Each structure stands twice: as C-alpha cells, then as structure tokens.
Amino acid sequence: MNSFDFKKIEKKWNQIWKKNGVYEPSVLRAKLPFYNLMMFPYPSAEGLHVGNMYAFVGSDIYGRKKRMEGYDVFEPIGLDGFGIHSENYAIKVGIHPAKQAKISEKKFYKQLETMGNGFAWKEKLETYDSNYYKWTQWIFVQMFKKGLAYRKKQEVNWCPSCKTVLADEQVISAASSRKGEPRSDIERGECERCSTKVIRKKLEQWFFKITDYADKLLNNIDKLDWSDKVKIAQKEWIGRSDGALIDFKIRNTAYDIRIFTTRPDTLFGATYIVLSPEHELLGDRIKDLGSKVKNWKEIESYVNKAKSKSRDERIREGGEKTGVELKGIKAMNPATKKEIPIFVADYVLGSYGMGAIMAVPAHDQRDFEFAKKYKLVSVQVLDDKEHLINSGKFNGMDSKKAIIEITKLVGGKITSQFHLRDWLISRQRYWGPPIPMIFCKKCAWQPVPEKDLPIKLPVVKDFRPQGKGKSPLAFVKSFYETKCPKCGGKATRETDVSDTFLDSAWYYIGYLMVFSSWKLGVGSLEFSNIAKRWLPIDMYIGGAEHSVLHLLYIRFLAMALHDLKLVDFQEPVKKFRAHGLIIKEGAKMSKSKGNIINPDEYIKRFGADTLRTYLMFLAPFEQGGDFRDQAIIGIYRFLDRVWKFSKSHSLKHGTHEKGIEVMINQTVKKVSDDIDSLNYNTAISSLMILFNNMEKSNNVSVSQFETFIKLLSPFAPFITEEIWQKLHPCKSVHLEKWPKFNKKITGHQLSNIAVQFNGKTRGLLKLSGSPNQEEVLVIIKKDSKLSSYLKDLRIDRIIFIPGKVINIVLKP
RNA sequence: GGGCAGGUGGUGAAAUGGUAAACACGCUAGCUUUAGGAGCUAGUGCCGCAAGGUUUGAGGGUUCAAGUCCCUCCCUGCCCACCA
C-alpha cells in the first residue's frame with residue numbers, strides 16, 4: 001500500500017482551513033474566549049529555525065485541545081520586526097531595513113503556515129507597520145503625561161558596536177565572567193544583541209519609571225500561575241532588600257553621609273565609613289571640604305583610576321580590595337558617638353543604595369578583608385545566638401528587635417532598596433518608532449498631539465548608526481525641524497527611537513485592534529469591551545531568556561495602562577510556561593557553530609505532521625531536547641501505519657471490543673492530563689501504545705478509531721484531518737468534541753502482582769480478576785520457585801497492595 | 001558566593017513511595033519484498049552457558065518497600081552577583 005502523500009495533504013488542508021476560517025474566533029461574539037499566545041518571533045537572519053517551530057507547535061497543541069473542549073481559541077501571530085536585531089541584520093546584508101522587512105515577512109509567514117498551527121491569520125500584525133507603531137507612540141505620550149516617562153542625565157550602558165544605549169536588562173553577564181570572579185560596576189557585561197562588551201557613558205536619555213511599580217511587580221509575583229524559574233528570576237532582578245537609612249555626621253562640617261544598611265542592629269560595630277568612587281562628596285562638592293581633606297590629590301587619582309578600571313584589570317588584582325582614607329576629616333558613629341575614619345573604595349558601588357556604607361568588619365566578610373588590609377578596628381557586636389553585645393543599653397537584645405530599636409535611637413529611617421533601575425527607553429538607532437516628543441526652548445519638552453500621530457519613520461538612505469550618541473534621524477533636517485505644539489515657535493523633534501521591548505510590551509493588545517483595521521483605539525469604549533472579553537492572556541508560552549526582559553516589561557506596562565484607566569487588569573498574563581530549548585547533539589544551536597536546523601528540509605522530507613510530533617516526542621516540552629535526525633523516522637513510521645490502518649478492511653469490519661475500549665478510555669485520560677501539563681512526550685507514547693494494540697487486535701470499530709484520531713489531532717493536524725474527513729466529509733476534526741474520560745469503563749482482566757520477599761522482587765504473578773491476599777498466598781505456596789523462598793522460615797508479616805504487590809516479610 | 005534545574009541503558013527518555021528502563025531510535029538474528037531513507041518476527045541494562053545475581057552520580061538515613069522522601073558530598077547546565 002502507498003505511504004501517505006503528506007505534501008498533497010498538507011497543502012490542501014492549509015488552504016481549506018484558511019478559506020473556512022477554522023481557526024478564526026469571533027472577536028466580538030466569542031462565548032468562551034481563550035487567548036492562547038506564543039511570543040512572536042524576530043524575523044531575522046536565515047528565517048524560522050527549528051527552535052521557533054518547537055515553541056510554536058507546543059503552544060498550538062495546547063490551543064487545539066482547548067478548541068476541541070469548546071473554547072473560542074484565539075491564537076494570533078505576528079512579527080516583532082522593528083528594532084536593533086532586524087536592523088543589524090539589514091546592515092549586514094546591506095539592504096534597507098524597510099525593504100528587508102518585506103523580504104523577511106514573506107519568508108516567515110510562509111514558514112509559519114507550513115507548520116500547521118491554528119493561527120488566526122486575519123489578525124496578524126507587524127511592529128514596523130505605522131498602524132501599529134502609531135499606538136506605540138500614543139502609549140509613550142500617555143506615559144509622559146502621567147509622569148512615567150522622563151528625561152535624566154546619568155551613567156548608562158553603551159554598546160560600542162550597536163552604537164546605542166541599552167537598558168540594564170539588556171546587558172547580560174559577560175561570557176568571560178560567568179565563573180567566579182566579581183565584575184566591576186564600570187564594565188557590567190555584554191550587549192544582549194551582539195555580545196560586545198558594554199561601556200558606561202554619561203548621557204541624557206528617556207526613561208520609564210518602572211521603579212514606581214517595584215513593590216507591585218514584586219508582590220504580585222506570588223499570585224501568578226507562571227513557571228517558577230521565571231518568578232524567581234524576576235524576584236531576584238527586582239531585588240528588594242529591607243534595611244535602614246542612617247546619617248553619619250562629618251565632624252566639624254555641615255555634611256552628613258547617608259548610608260543604607262540591612263543590618264542597623266550592628267551599628268555599634270560600625271568602625272569606618274566607605275564611599276563609592278562615584279559618591280557625590282567626591283564630585284563637585286568636595287571643594288567645600290577641600291581645605292579640610294589633606295590628601296585630595298591622592299583621592300582624586302584613586303577615583304579616576306577606579307572609574308576607568310576594566311574588569312580584566314580588576315581580575316589581575318585578584319579581587320583584592322583597595323581604598324584611600326579621606327585624611328583630615330572623620331565621621332561620627334551616631335550610636336557610639338565615636339570618631340571613625342572615612343574611606344573611598346571601589347568595592348562599594350555607586351549605583352546601589354546611597355553609594356556609601358557603614359563598615360562592620362566583625363560581621364561582614366568584605367568589610368573584614370578591607371579592615372584587615374588597612375589595620376582598622378573591629379568590634380564584635382553579636383554573639384553566636386544573634387544577641388547584641390558591646391552595644392550599650394541594647395546588650396542582650398535580639399538582633400531582629402534591635403534593627404528597629406537602634407534605627408529609632410539614631411533617627412534613621414526603615415526603608416527598602418531595589419536592584420531594579422528605571423527602564424532606559426531611548427535608542428540612538430534608525431529602525432524603531434520615533435519617540436513622539438518635541439523640544440521647544442521656551443516651553444521645554446512637549447508631547448506630539450495625539451491627532452498628529454503616527455510620527456512616521458522617514459525613509460533615510462544612510463540608516464546606519466553614527467556612534468556620536470545620536471540617531472541617524474538627527475541628521476535629517478526635514479524630520480527634526482518642527483513647531484512647538486504649545487507656543488507654535490520653532491522647535492525640534494526628539495530624534496531617538498524607542499526600545500524594541502516597548503513594541504513587544506503591548507502587542508497582545510494590538511492583535512485585538514487589527515480586526516477593526518485599527519479603527520478602534522485603546523481607550524475607546526468599543527475597544528474596552530473587546531479587551532474585557534479577551535484579556536488577560538489565558539495561556540502564554542515563551543522562552544525563559546525573557547524572564548527579566550519582555551516578561552517584566554509586559555507586566556509593568558499593563559500596570560501603567562491600568563493606572564491610566566485604559567485596561568481593567570493589572571497582570572496581563574494569567575498563565576505562563578517557559579518552553580525548553582532545542583539543542584543539537586549536546587550543543588546550543590548557533591550561527592557560529594553552523595549547526596542551526598532549518599525545519600524546511602525536514603518538512604520537505606517527512607512532512608509537518610511528522611516533524612511536529614517528533615519535536616514534541618523528544619522530551620518534556622518545558623525541558624527541551626536534543627535534535628537527532630535519525631530518530632524522526634520512528635514518528636514517520638507511526639503516522640504511516642495510522643494512515644494504512646485507516647484504509648484497512650479490518651477496521652471497517654471491526655466490532656466494539658471491550659479490551660480496546662478500556663485502553664482507549666485510559667488513553668483519553670492520559671493524553672488529556674499530559675497535554676494540560678505540557679508533557680507531550682508521554683502523551684504521544686501512550687498514543688503509540690494504544691495504536692500498537694489496535695493493530696494487534698484486528699478488531700477495532702470505526703468509532704474507536706475515531707476517538708484515537710481525535711486524540712492524535714493536536715499533534716498531527718493534517719493527516720488526522722484527512723482521515724477524519726474521509727469518514728465525515730466537510731466536518732473538521734479540529735472542531736470536534738474532545739473525548740471525555742469515563743470512570744465507569746474499567747475492567748482489569750489481568751492483574752500483575754509482583755511477589756516480594758523482604759522487599760526484593762522475586763517473581764511476577766499474572767492472575768485473573770482481583771484476588772485477595774489469601775488467594776495470592778495460596779498460589780505462591782503452590783509455585784515451586786516462589787515457595788522455595790519460604791522454606792524453613794516463618795512469616796513475620798505480609799504487606800498486600802491489591803492488584804500490585806505482595807511483600808512477605810520473613811523472620812530469620 | 002547565592003538561587004534554580006538536572007545526573008537512570010549505546011541514544012532521546014519513562015516510572016501517584018509498590019514489577020526500574022515504558023515509548024522510540026539504534027543494534028543483532030531470521031523472514032519477506034514492486035531493492036525502499038521499506039516491512040514483519042524475535043532479541044537487546046550489566047555479569048553469567050544457565051540457574052541466578054546485580055543496576056538509577058557517591059555515601060549515610062527513614063520505610064515492609066526508595067530512582068522517588070531526609071541528610072552529607074561530588075559533577076553538569078542555566079540565572080544572579082563586591083547589592084551593604
């Protein structure tokens with residue numbers, strides 16, 4: 001018999017599904033809306049790779065089951081095509097990004113179609129479409145009006161290769177520093193896009209005030225049904241620590257040094273103060289202290305050296321702590337009233353807390369190392385039971401209580417500090433939405449009036465980044481020259497574009513705007529009714545690498561939109577699961593290794609159904625797996641046998657056999673549970689076991705086979721549709737009812753009972769019905785092999801688990 | 001340094017505290033054929049001709065029973081990190 005012609009089948013059903021709108025829910029009238037979303041891809045480089053497909057198929061299987069359970073499943077698709085990644089690719093191939101976007105778009109959508117997902121194609125969107133980024137800009141304007149977008153000059157991350165600033169979240173650990181050594185505050189890591197080492201620059205930039213939401217972002221996490229690793233990563237990134245602000249007076253001056261500490265209970269043991277090299281007292285204001293500080297030159301040279309030190313130099317120094325005392329001035333410990341020295345040292349970071357610490361060498365490892373080197377006093381103030389000593393009237397007090405009491409004594413303030421920094425939103429690049437702001441010398445910064453949106457990105461011939469801290473748009477006079485929306489005078493536009501991660505922070509809302517051809521805007525009544533119906537997202541699947549990037553921004557922006565009364569939810573994603581990564585023979589797939597797998601060639605050879613099912617069969621979906629192309633043939637054989645079985649005569653003449661019925665029912669439960677928990681690999685394996693038995697039985701009814709086809713349909717949508725519609729013309733299997741597990745269908749005809757003596761399994765009894773302990777014991781005694789274990793020994797006790805195991809414990 | 005995953009055959013992996021290795025790849029032998037990226041049958045953790053013994057990174061513990069629970073340690077991967 002011929003094998004199944006997957007090429008013909010897949011092409012045919014793709015067309016029919018699209019024509020009949022099988023996967024298009026009614027945006028306006030859906031009764032049981034289910035928003036099933038997978039992170040949309042960056043359309044760059046060589047097209048969709050097998051890792052993208054893996055994630056999309058995994059998301060689709062979940063959605064297909066929901067659809068068959070009666071939900072109106074919305075599974076939209078689009079392209080995150082604005083931004084540095086796409087622009088860098090365009091630069092590499094020497095094609096204008098707008099032109100390249102059109103090329104990539106065609107390629108991606110074609111690939112996405114061939115893999116057989118139930119996408120709502122009518123609602124597709126691209127972030128570089130001006131209909132879309134009009135609203136990206138509109139959101140920026142609302143953020144500005146609410147005071148959540150602001151300008152500030154500060155040290156920021158600069159990627160020398162991408163020639164733009166980056167947000168903290170977009171700077172990743174340097175590959176060379178993944179093991180062990182600390183990294184400096186000056187050189188933080190590598191660019192998330194191009195892995196170039198990031199440097200620090202002082203620039204004026206636009207920021208989003210994500211820190212206003214630090215507490216809310218942190219506190220809501222526990223309520224979310226999200227993968228634990230993402231929740232933990234977000235908690236760590238937000239990085240709240242509770243402590244106190246305490247002021248230390250500088251003797252004989254008007255200055256205070258404010259420090260942050262998590263351990264105010266150890267204040268009596270604070271024997272010196274350390275300032276970070278970036279501390280404000282060492283900047284312009286030092287001149288007021290100049291006459292008092294004796295070694296000003298020495299300090300200045302230390303500060304300059306510290307600021308310019310690279311991470312590599314630091315490692316060469318062996319991570320040893322260095323510092324210089326500010327000679328001539330002393331601080332006063334507000335608890336002991338004793339004079340203590342003040343140091344500057346680069347082990348204290350300028351970017352955290354107050355950029356200054358009180359040092360307690362007796363109870364802090366870093367302070368201890370520093371104090372030892374510079375021979376500073378150390379006073380122990382806690383005993384091994386965490387009770388205070390050497391702390392005046394607080395002696396004997398519990399450390400936890402002392403935190404509050406001592407802070408109170410010195411007039412400190414209990415507070416928290418966060419690791420989270422405000423989101424740097426400006427990019428000195430071309431391929432993004434221009435930030436919709438206008439600067440007027442008289443009226444300062446003004447937002448572009450909403451009626452003038454979108455501010456279209458002009459077509460610029462030389463779109464490459466200039467590297468002078470300015471976007472290529474800063475050289476386009478016709479773009480930046482404008483009028484002040486407030487006074488009508490001469491003004492200039494902002495020429496930076498916004499971060500790509502702003503585009504992707506609201507795209508799930510965008511999909512719901514497409515169906516009206518972008519006529520219904522965020523904030524309109526009609527739109528808010530649609531949003532209420534569909535949002536928040538019911539199920540979101542994506543990569544764990546976005547734990548502190550996209551997944552943090554999407555939450556923050558939803559909270560901000562909520563406070564702007566534009567949406568009625570604070571958390572945009574009810575359920576999130578991180579998919580695993582596909583690796584190739586133990587190694588990560590990467591362009592440099594040349595081991596990127598393109599799904600196209602496998603679809604060509606085996607068909608999309610086979611590749612889909614194979615990918616899901618590899619390993620648990622949340623774990624990821626190793627792509628070995630030898631093993632794919634096993635799935636092809638399986639589907640081909642299913643195809644041949646559907647054509648066989650024995651199927652048509654089969655009767656309703658009880659044994660198969662029981663097994664089908666168990667498989668319904670197994671597959672349903674496994675899809676819910678994303679354990680697709682074991683779902684497929686149980687379908688194989690069932691099918692192996694159906695083949696052997698040679699007595700399978702059509703309706704039994706149909707149940708099997710339904711269970712298989714989320715994994716292999718094309719072949720199951722072909723088989724289904726042979727039996728039920730013009731009715732899609734994907735709109736059929738998902739089979740239900742029936743508790744009443746049971747019937748173990750055989751129970752396998754393991755026979756153990758003292759916990760060691762010595763035999764296996766295959767018995768009919770469900771025998772009790774006595775009956776089993778009689779059989780064991782009759783069995784020559786098993787009874788030999790009983791010889792001459794007394795039975796101490798027997799543990800009997802019906803239908804499973806009997807353990808006979810013998811007395812020696 | 002901190003956190004989170006993991007560690008089971010030749011390979012990908014299964015296993016509500018109850019028959020370790022299901023399912024699949026590969027391999028071996030035999031059969032078969034419109035010689036194909038085929039199909040069927042049997043076998044396949046390790047030691048052993050067999051009977052049987054033995055096996056889940058190492059070592060302890062709890063239990064009638066441990067891959068699974070507890071403790072100590074080792075290794076691999078990912079994330080965070082001089083964060084006060």
Side-chain angles (χ1 to χ4, degrees), chain A residues 1 3 172-173 177-178 180-185 189 227-233 235-237 239-241 243 259-263 266 274 276 314 319 321 345-349 351-360 363-367 369-370 417-419 544-545 547-548 580-581 583 585-586 588 605-606 614 617-620 622-623 625-638 640-641 644 679 681-689 691-692 752-765 785 796-801 803-810:
Chain A
M1 200 186 291
S3 297
I172 56 170
S173 301
S177 80
R178 301 245 161 91
E181 317 85 12
R183 67 187 193 214
S184 85
D185 198 34
S227 300
D228 278 339
K229 58 179 165 183
V230 173
K231 287 165 75 161
I232 290 161
K235 273 188 193 172
E236 282 180 353
W237 185 258
R240 174 178 161 145
S241 41
I259 61 97
F260 175 72
T261 178
T262 54
R263 300 301 301 272
T266 62
V274 190
S276 69
R314 185 170 277 267
K321 289 173 181 50
D346 63 7
Y347 80 91
V348 174
L349 307 178
S351 60
Y352 187 76
M354 292 294 122
I357 61 157
M358 66 177 204
V360 186
H363 300 286
D364 182 284
Q365 184 62 33
R366 293 153 307 182
D367 297 344
E369 283 168 29
F370 191 82
Q417 289 291 321
F418 293 91
H419 169 262
E545 70 275 15
S547 295
V548 295
L581 293 177
I583 55 171
E585 273 136 27
K588 232 179 184 172
R605 258 166 64 186
F606 300 103
Y614 170 64
F617 183 64
L618 274 181
E622 290 180 85
Q623 182 188 306
D626 200 340
F627 192 97
R628 288 163 60 252
D629 48 2
Q630 301 130 280
I632 194 169
I633 191 74
I635 300 290
Y636 181 82
R637 285 176 195 154
F638 169 62
D640 196 38
R641 274 161 53 212
K644 285 171 180 160
N679 291 120
N681 58 331
T682 47
I684 293 163
S685 129
S686 69
L687 285 166
M688 287 172 168
I689 294 168
F691 183 71
N692 290 347
N752 292 345
I753 296 175
V755 181
Q756 300 180 338
F757 293 93
N758 291 332
K760 294 232 178 218
T761 304
R762 298 299 184 189
L764 183 67
L765 295 176
K785 186 190 134 196
D796 186 42
R797 59 167 156 156
I798 294 172
I799 284 97
F800 181 69
I801 313 289
K804 278 191 176 162
V805 68
I806 183 165
N807 187 8
I808 299 166
V809 185
L810 300 163

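Nothing here was measured: the structure is a model prediction, and the numbers come from that model. Order of the sequence lines fixes the chain letters, A, B, ..., with proteins taken first and strands second; residue numbering starts at 1 for each chain.
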Start with the C-alpha gap between A:Asn679 and A:Asn681, add the side-chain angles, then the distance that decides, and say whether side-chain contact (heavy atoms from CB on, under 4.5 Å) holds.
CA-CA 6 Å; A:Asn679 291 120; A:Asn681 58 331; 4.0 Å; yes
What's the separation between atom CG in A:Asp346 and atom NZ in A:Lys321, rounded to the nearest 0.5 Å?
9.5 Å
Under 4.0 Å between any heavy atoms, over every strand shown, what does A:Leu618 touch: base, sugar-phosphate, or nothing? Just pick one.
sugar-phosphate
Between A:Asp364 and A:Ile232, which is nearer to the 5' end of RNA chain B once each is assigned its nearest nucleotide?
A:Ile232
Pick the P atom in B:A21 and in B:A15, then give their distance to the nearest Å.
13 Å
I want to know whether A:Tyr614 and A:Phe627 have ring centres closer than 6.0 Å.
yes
Counting heavy atoms from C-beta on, name the nucleotide in B:C23, B:C80, B:A84 closest to the side chain of A:Asn692.
B:C23
Would the base of B:G39 count as contacting A:Arg637 through its side chain, where contact means a donor and an acceptor less than 3.5 Å apart?
no
Counting only side-chain N and O atoms of A:Arg762, is one of them less than 4.0 Å from OP1 or OP2 of B:G53?
yes
Answer with yes or no whether A:Lys760 presents, from its side chain, a donor or acceptor under 3.5 Å of a partner atom in the base of B:U54.
no
Within less than 4.0 Å of OP1 or OP2 of B:C4, is there a side-chain N or O belonging to A:Ser227?
no
When A:Thr682 and A:Lys229 are each assigned the nearest nucleotide of RNA chain B, the 5'-most assignment goes to A:Lys229
